[in-house]
Every structure is written in structure tokens, then in C-alpha cells.
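The structure displayed is predicted, hence computed values, not measured ones. Convention: sequence-line order gives letters A, B, ...; per-chain numbering from 1.
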Amino acid sequence: MFSQIFILSPRGDTIINRDFRSDLPKSTPETFFRQAKTYSGDANPLFTVDCIQFAHIKRGGLYIVGTSRFNLQPAMSLELLDRLAKEIKDFCGVINEEVLRKNFILIYEILDESFDFGYPQLMATEQIKPLIVNDPIQPQPDSVMNSLRPKIQTFNIFVPNTIGSQAVQRSVLNKNQANEIFVDIYEKLNVLFNSSAYVINQSIEGCIQMTSFLQGNPPLKLALNDDLQIGRQQGQYSAGVILDDCNFHECVNANELDMNKTLRIQPPDGQFVVMNYRISGDYAAPFRLFPIIEEISSSKIEVTIKLKACFDAKIIASYATIRIPIPKQTANAYTELVKNAQQETAEYDSNKKMVEWQIKKLNGGQERSLKIKLTLQATQTAHTARKEIGPIAMNFEIPMFNVSRLQIKYLRIEERGNTTNPHRWVRYITQSSSYVCRI
Amino acid sequence: MAYFGNNPQRGELQELYADLNDLNFEKKKEAVKKVIAYMTVGKDVSELFQSVIKCLEFNDIEMKKLIYLYIVNYSRQKPDDAIMVIQNFRKDVRKSENPLVRALAIRTFGCLRVPKLNEYLIEPLKDCIQDDDPYVRKTAVLCVPKVFEVSPDICPALLEQLQKLLEKESNALVLANLIQSMREIEVVSGKQLINLNQKIIQKLLLAVDECIEWGQIFILDYLATHNPQDSKQAEIIIERTLPRLSHINPTVTFCAVKVILKYLDFLDNGELVKNLCKKVAPSLISLLSWNQPEVQYTILRNISLILQKFPILFENEVKVFFCSFNEPYYIKYEKLDIMVRICDSKNFGQVLNELLIYLNEADPHFVRKTIKSIGKIAITYDKALEKAVSILVEFAKNVQQPTEPVQELLMQMQLIYKKSKQMYKYDESLKIIYSIVDYANEPESKSACAWILGEFGEYIPKSVEKMKEYIDNFQMEDRLVQLQLLTSAVQLYLKYPSQCATIIQQLITSAKDSFNPDVRDRTYIYWRLLSTDPEVVKNLVCFNSGVVSNFSKDLRLWETQDLVLALENMGSISNLFHKLPHQLYKNIKIKINNQHDVKIYKGEEKPDTQPQPQAQNQQDGSNQNNKKDQQQQQDIDLLSFDEPPSNININNNNNNKTDVFELI
């Protein structure tokens, strides 16, 4: 695994340098920085110089780098560095050069608990909290970021039984925090239409995310739809919600999911993803796009795009943006919205050869349309140019709406005799990931 | 590591020295912190070694951590001074009530890496391996490979202890570390250390459930290298690994996939294998949808490897690999590659329809790759040939500029015509392709045009004029184009002797003095050939190979025996480069694998065409056949002169030099 982990400033100065195996030359940080600077943009996350593998991520302008002489697992190395960054952030509140320089001893401590001989050990903030003796030093008091920083308990007297048998240990929480929990259901949509608004390919990538500020981290019980089904059988049609596949956070016990659709959760502090899921089946796409292209003359094309919001009228989509690439040989483009259109703009960007249509708010059931009149340069005819129009890509966000109909039936705290009833907040958000209409 | 100008000023060192020896504890602590700060930025503070060590006498864990950090850094520079610390370490390890201190001491001890200090380490280390606290045990266990690396000869007792611990340990995290460190020692020493028996496997499988994610990775990764005794055992291991497929950490999921795919080979029950494949595929697909593009890329690279052995996994899932417009280019390229691999007689239409749409993309590189993929499909799958050609021809109709995709198009058409000469008739393809030859501007595409001109001269109007145009610019062309022009011009000459006589003379005059030996040799050999019987030449040069049935481009990434090794390293960086570990790293030794027989997992039989898997099966049994085929392939190459067989040419030249001048 990793031979060294070091953190470099944007100018290449070493801020942290931990050598786990002493099998690489001391000059590797310089080697890394020199190589990273040879890339025109951001350096590749993984590269090799002289048989040394360098994996790195960039956080707050700093390079967090792991090196190895061995056959690394690339995905794992990047994941590890990312976790390390998260840990540092949990302890110090922010990641930037000043904070890291001030807290370098703390970071060495974190590194020592997280890695031994280059192998990852304990890498969750809750797990290593009891093992860390240094307090974070805050650079400037009272910035917003710092107030979000978790308070860290210092243990000088050690409590035995350092590693419990459970994968995620609970930690002692601060008493003066609000006793509440937030649950978000995010869904990202991938939809591909052909020119006649017929769906070629669609899928949903969703996740249930929690942010817990519950006192004492009590075990939770989360119930999902009764008609939930996991795993799709070929040629099977069912009215229920079918997830093709899903995966869970370590703190989740999904044994009862098949039986009574509930998850048992031992929530850690702060934000975590309870479950990811993927749905490839048919669902009603929230928006439909109908593009019509007409060749008016050999040098003029008219593009009309109709947009229909196919969801309940009570739900409002926000910030819908539709981008329409138009031919490179366009001399001029005029956009025409419906008369007295409100909160709606359409602009032509002559550099990118792109028309951008923005709709700030769109209620379900409504229809909008846009007309683009293109004049082509003499070098190209309308007939060949029309092939260059599209594909139309759409971005949007719809709050309090989800396409999969996956729902949270209830969220209970399992401990009996708990007098306080914490606030529970549930949100549904649907976003576009790749929402494309081919022409 | 110290160099001029980077040392702290003498005054600074002295100040630190004074502070370190101060009686005030806080002052000392501050001074130690400063020393560490200097050390981190690479300044040499080794002179303070003794003063720093003295501070160890305080029983303060924060101070201890700092000083240990210092010692680790400078112990190899000052081994003699480091001996003084030993007593402190031993005291910490033996006497401290606090497991954190014990673990800290043993961890630091292991990092000293000074051979002569290690003998003092053995006893405390033995104690720690038997410690009551799992935190100390897990640290001690990882300490063994550290010591082993520096002084392997004093370790046998430790190794024995590790083996004993493996038998009785119950804490999951300690087990994970234990497996990892024993594996590392196995690699370094080349000896087998872990004796897996039924009991230990059971234990490891239990530990996987309880372990933190990284520990799960260690254990699963190890299990993937193991060969089970029988089908029953394999079944148990797979069963216990299945829940890991739905872990949120992509590496855990991927390790689980690795274990399951490995053990499939050992299962007797065919139905079970099929069901398992159905479970693995969604997890792999999920890895592609939830992660950042970098992780997706590694997964895609591995999928193209997995596909070679498990075509069954994705046989109905080609849609997953369709590119979406906002993906980074490296993901798109990889997906194109996989689409070609996944293509079969059932879904080629679907794949080609999708590729057809990519042809409208703006990025010329991407379009070029798409055309290449279409070409590959056409050449590999006979059934897809017509549809692929019609797509390419349609694309050619709209070409107006010498763009990158056009170059690729010409090259692919050449390959397609080589595979099946009859295709020139299809949809007037030849006429349309010929209309764009002027847009060729890369050596490969130009040589493809020249080849088309020579091969189909009789079907192309004004082919001789075109050839003359090429030959006028002969000197400016790339070597590749020159070689092809020679062959094509001779072919054309044989078809139209009277019209081409001047051209061929012009060509030979300009080519015979070429600086390039290949071009010169080929010129001479044709020259000499032409001076013999034209009929013989015709048989040689215009050799009609008919349909080259054995043309299917090999899409396999690996030879069968390498495939096993590659699959074992699934997920690692060597696979990212599609290389084997020892090709990438000199320090890795591999077990040579003589296993030629690799099970291929296909879906339902498709009776008509089994282009690629069959090629594999053949290879095992009939190497001879293969060789014959290769020979044949070479013969064809000889005649169409793709690769100049230079040695033959040279011999001929020497013998017949005098004849050469008779022709002109």
C-alpha cells in the first residue's frame, strides 16, 4: 500500500510528510510536484514516475498525495485519500494551508491512527476521536466554517476496549446540540429521448442521505414502501417500486429489508449516505421535449421546442435550463419566447454556438415553447446544417418530488422510554443528471 | 537530506537546545513542537537528538507522540543514540497501563528500521502480540513485516506466533491486519505462511461481516487468491461474500466481485453459476453509476477484462455502456471499446444504431473512435458486416472536409474490403468511398486509398489518371504510402499495361534511388518481376485471395494463461494499464501459470456464429492449426505487401543485379 503520504501547498512546499515504509527517496514530494506541474490543467489523479505510483487529490488548493512502489488499487487509493481529507476536515473544520500548518501535529496523529505501515486502519472520525490527544487550533475564530466544526473530546485517561466488535462506534455527543435528524431522498435522472419524444434509455440513480444530530445516537428504524422490491427479474412487470440494485452504509442493517421493508440504522454523527439505489425500469419522465425543425429556405432554419411538465400542478420545478447547440456556420440566431412569458429568458451565445433557455419556475402541467430562427452563412446549406442541431440537454431540479415513488413510511427511534421526541425532517429532491433529447 | 542554506541558524538550534533542557514542562513541549515543525519542512535538527530523547521521561502521551515522531525520522541517521531510547520503549510496552501507550511504543519501535536495534524488539513484540487489548494486538501484528523487512533472520519465532494467533484470534480488525501482514511476509520471503483450513476460512468469513471496510478489503482480497478444495467450500465462500456486493465503498464491492468470479470456476452446479452471474452484474453496473468518473474508469477497464472470461455477465446489458453526452472523454472511449466487445449476433443492431448517433457528435476524436469501433464490429462479426458498411457509406456521403474521422473511415473501409472483397458492390460503396479519397491526409489513410486504387482499378473511372497524380507526388509521400503505391501501381499496370507503361517507368525511376531501403528493395523486386513473364506476375501480385475467412480481428486482451493472472490482479493499477504486474514492476515476482484451459462463461448458445469464444477454445487444443493459420495470414500479407518482407528482397537483389537494367 502507500509508502508515504504527504500534503503539499499550492507552491509545492511540504506541509505534512509521513513516511511509512522508507522505501522511497526523500525527494519524492519534489518529484511529484514537478510532474504535477507538467499537466496543462489539473494533474491526472494517478501517474507513475520511475516506477513510483503517485495518487493524489486536491482539497482547498492543497495536494494530498499517496505514493507507492506496489501494485496499488487505484480506486481504493483515491478513496483513502478522500477519507483522509474528510477526517482532517472533521477535526480541523476546514482544509487550507494555514489551518494545516497550525495543526500539523494533530494531522500527524490522525495519519498515525489512520495508517500503519501504509495500510489503512481506522478511518472514521468517530473511531479515532478517542485516540487523538491534540486539540485543533483554530486560525481565526468565529468564521462560519469554524462554527460547523465538530467539537472534539479529549481523552487523557484511556478507556480500554478500544475497538468494539461493531463496525462503527458511537461517540459521546455534545449536549447542547439540537436533537434532530434530516433525511433527504435524492434522485438523479438519466433520460434519453429520440426526436419524436420516445424514450430510448432511462435510469434513476438515487440515494437516501441522513444528517443526524441525535443525542446519544440511538438506533433508528427506517421503513420504506410496502411494495418495494429489490432485483429485477427479466420480463417481469410489477406495480411496485423495483430497485435494480442498492447498497448500504456500514451502519445499516438491511436484513429485514426483504421481509418488512425496514432498515435498522446505527447513525454516526453528521452526514452519511444510508443507501444508494439504481432503477433502470420505465418511469414517467417529468419533462417532455418536442423539437421541430423546419428548413425555411436554403439558408434559414427555424427550430421550435415545446416543453411540457408532466407532473402534478402543485409541484414546482426550479431553474430549468435547456441548452440547444446550433450549427457552427450560423451567422445569426434570434430567439422568440411566447408573448408575456414570465421568469423566462432565452439567449444565444455566438461563441459557443449555443442557445440557452432558462425557466426559473415551472408548475406541473404547464407548457412552454421557444422558437429559434437561424440564419446560416453562405458556405453551408440548411439541409446539411440541420444535422448539427442538438442534442438538446436539460438541467433542472424539482423539490418535494421523486420519480421512483420510493418513500419513507416512517422513521422511528428504537429505544423505548426515550422521552424527547426529536425533530425529523424529510425532503425529496429530483435532479437531472443527463436529460437529453436527440434530434 | 540536509543541504546548505536549509539548516536552521545556529542561534535557533541553540535556543531550542536551551528550551529542551529547560525545567519548565510547557516550555519543553513547545520546543519539541518546534523541532518537529523544522523536521517537517526538511531542516536538519538531528543534532538535538539527545536533548529530545531526554524529554521522554515525562509520562505525557502528547509529548510521547511528538518525540516518537522525531525518533522515527532520525533513528537511521543516529543509530547509536537511538539505542538509548530502547529502555524507554521497553518500559512503555511492559509497564504502561494504557493500551494506547503500549501500541504507540510498539508502532514506533517497528518504524526504527535499524537492524541492530531489532533484536531488542523481539521480546516486547512477542508480548504485544499476546496482549489483551485488540488495539495493541492489531498494531503489533503489523509490526512483524516491518521487522521482517529489515532483519528477516531473527523473525522465525515471531512468524510462528503469528500462525498461532491466526488459529485463535477472534477480533475482526486484528484478523484483517494479521492476514495482510502475513501476506506481505509471504511475498517478501516467497514462503507460504498461511495454512488455510476449513476453520480459518470460517473465521475469516465471519470477520468480514464485522470488520471495518478496509479490513474487509484485506480479507476478501486474500480469499480471492485462494483455491478452494471443492465445490462445497467454494459455495460457502461465495454465499458469505454475496452481502458485500451491496457495500457502499466501491472497493469492497469490487473485491467481492473478484472473490465471487474467482470461485465460480470451482462450482459444479451450472444453474447456481448462472444465478450468481445475475447477481454480480447489477453490482458492477451500479459501480458505474454512483461513483466519480475516475472510479468509473477503473471499473470500465476491469470490465473489459472480465468480459473476456464472462461474456455472460453483460449479454443483455449493452445499454449500460451507451455514452451520455456529459461524460468525460476517457469514459466514452472506454465504453466504445466495451460496446465492441459486448457486441454479438443478437445485439449488433442495437449497438450499431447507437454508434450511428455518435457520428453526429462534435468532437472529431470521438467520431473517429466511433468509426473505428464500427469498422471493428464489421470485421469481427460477419452478420453485422452489411449494416456497418451501410452506416459508413452513409457517413461518407456527407463528407466535405478532410477531417480526422474521414481518415479513419478510409482505413476501416480498406480493412473491410480486405476481409470481403465483394463488399465493394454493396450500395455503390466503392464509388462513394472513391469520391472522398482526396480528403486523405494521413499516411495510413493515403495508403488505404492507394490500396483501393490498385485493388479496384478496373471499377474506378479514371483510375490511371488518379494514379499518375499520386506518382507525381511520390517523393513527398510517407514511406508507408510509397510502399503501397508501388504495389498498387504494379497492380494497375497489369490491368492496363498500355496506359500505365509511362507511369510505371516514372515510378521506378523516382523510387529506385529512395533513401529508404524498404522502398528501394520493393522497387527493385517489382522491377525485376515485371521483366519476367507478366502472367506469373499477375498471379503473384493480383492474387485473388477470395474471402479471407480467418480475418476476424482478435478482440482478446490477453492470452489464456495470462488471463488467469490478470483476473487475480483485478482492480489493481497494472490492470488499469491492461498489463501484467511483472511487466509494470521489476520488483514483483510471479508464479508462472501453465493453466491453458480457461473456462469461458457464455450465455445461451447462438448456433450460427461464435466468433470470439470459439477462437479461444480452439487455441487450447490445436496450437498447430493456429500456426497454420498464422502462416496463411502471413502469406497473404506477403502478397499484398502490407509488411515488406525485407530479407527476401535483399537476397534477390544481390543475385540479379545485372538483369535489372534490361527493363528500361
- Could you look at A/Phe104 and say if it's the side chain, the backbone, both or neither that has a heavy atom under 4.5 Å from chain B? side chain
- Item | A/Arg438 portion near chain B, given a 4.5 angstrom heavy-atom threshold | side chain
- Message: Between B/Lys319 and A/Ile200 (side chain of the first, backbone of the second, donor and acceptor by atom type, cut-off under 3.5 Å), is there such a pair?
- Response: yes
- Task: Examine whether an atom of A/Thr48 lies under 4.5 Å from a heavy atom of chain B, and if so say whether it belongs to the side chain, the backbone or both; otherwise answer neither.
- Result: side chain
- Query: Which answer fits A/Val273, side chain, backbone, both or neither, if we ask what part of it has an atom under 4.5 Å from a heavy atom of chain B?
  - Reply: both
- Item | Under 4.5 Å from a heavy atom of chain B, the part of A/Ile16 involved | backbone
- A/Gln53 side, atom CD; B/Leu576 side, atom CG - distance, nearest 0.5 Å: 9.5 Å
- Note on the structure: Honestly, the part of A/Gln121 sitting under 4.5 Å from a heavy atom of chain B is both
- Query: chain A: which of B/Pro145, B/Cys255, B/Ala176 shares the most heavy-atom pairs with it under 4.5 Å?
  - Reply: B/Pro145
- Item | Nearest heavy-atom neighbours spanning B/Ile217 and A/Met76 | CG2-SD, 3.8 Å
- Item | Nearest-0.5 Å distance, CZ of residue B/Phe322 to OG of residue A/Ser203 | 12.5 Å
- With a 4.5 angstrom heavy-atom cut-off, could you sort out which part of A/Lys188 is near chain B: side chain, backbone, both or neither? neither
- Rounded to the nearest 0.5 Å, what's the gap from SG on A/Cys246 to CD1 on B/Ile248? Could you check? 10.5 Å
- Region of A/Arg21 that comes under 4.5 Å of a non-hydrogen atom in chain B: both
- Contacting region of B/Glu354 [heavy-atom separation from chain A under 4.5 Å]: side chain
- When the 4.5 angstrom heavy-atom criterion is applied to A/Pro74 and chain B, the contacting part is both
- Query: Tell me, side chain or backbone of A/Asn44 under 4.5 Å from chain B's heavy atoms, or both, or neither?
  - Reply: neither
- CG (B/Asn398) with more than 12 external heavy atoms under 6.0 Å: yes
- Heavy-atom proximity to chain B below 4.5 Å, by part of A/Asp116: both
- Check each atom of B/Ala37 against the heavy atoms of chain A and say whether the ones under 4.5 Å are side chain, backbone, both or neither. both
- First locate atom CD of A/Glu250, then atom CD1 of B/Ile212, and finally report the distance between them rounded to the nearest 0.5 Å. 7.5 Å
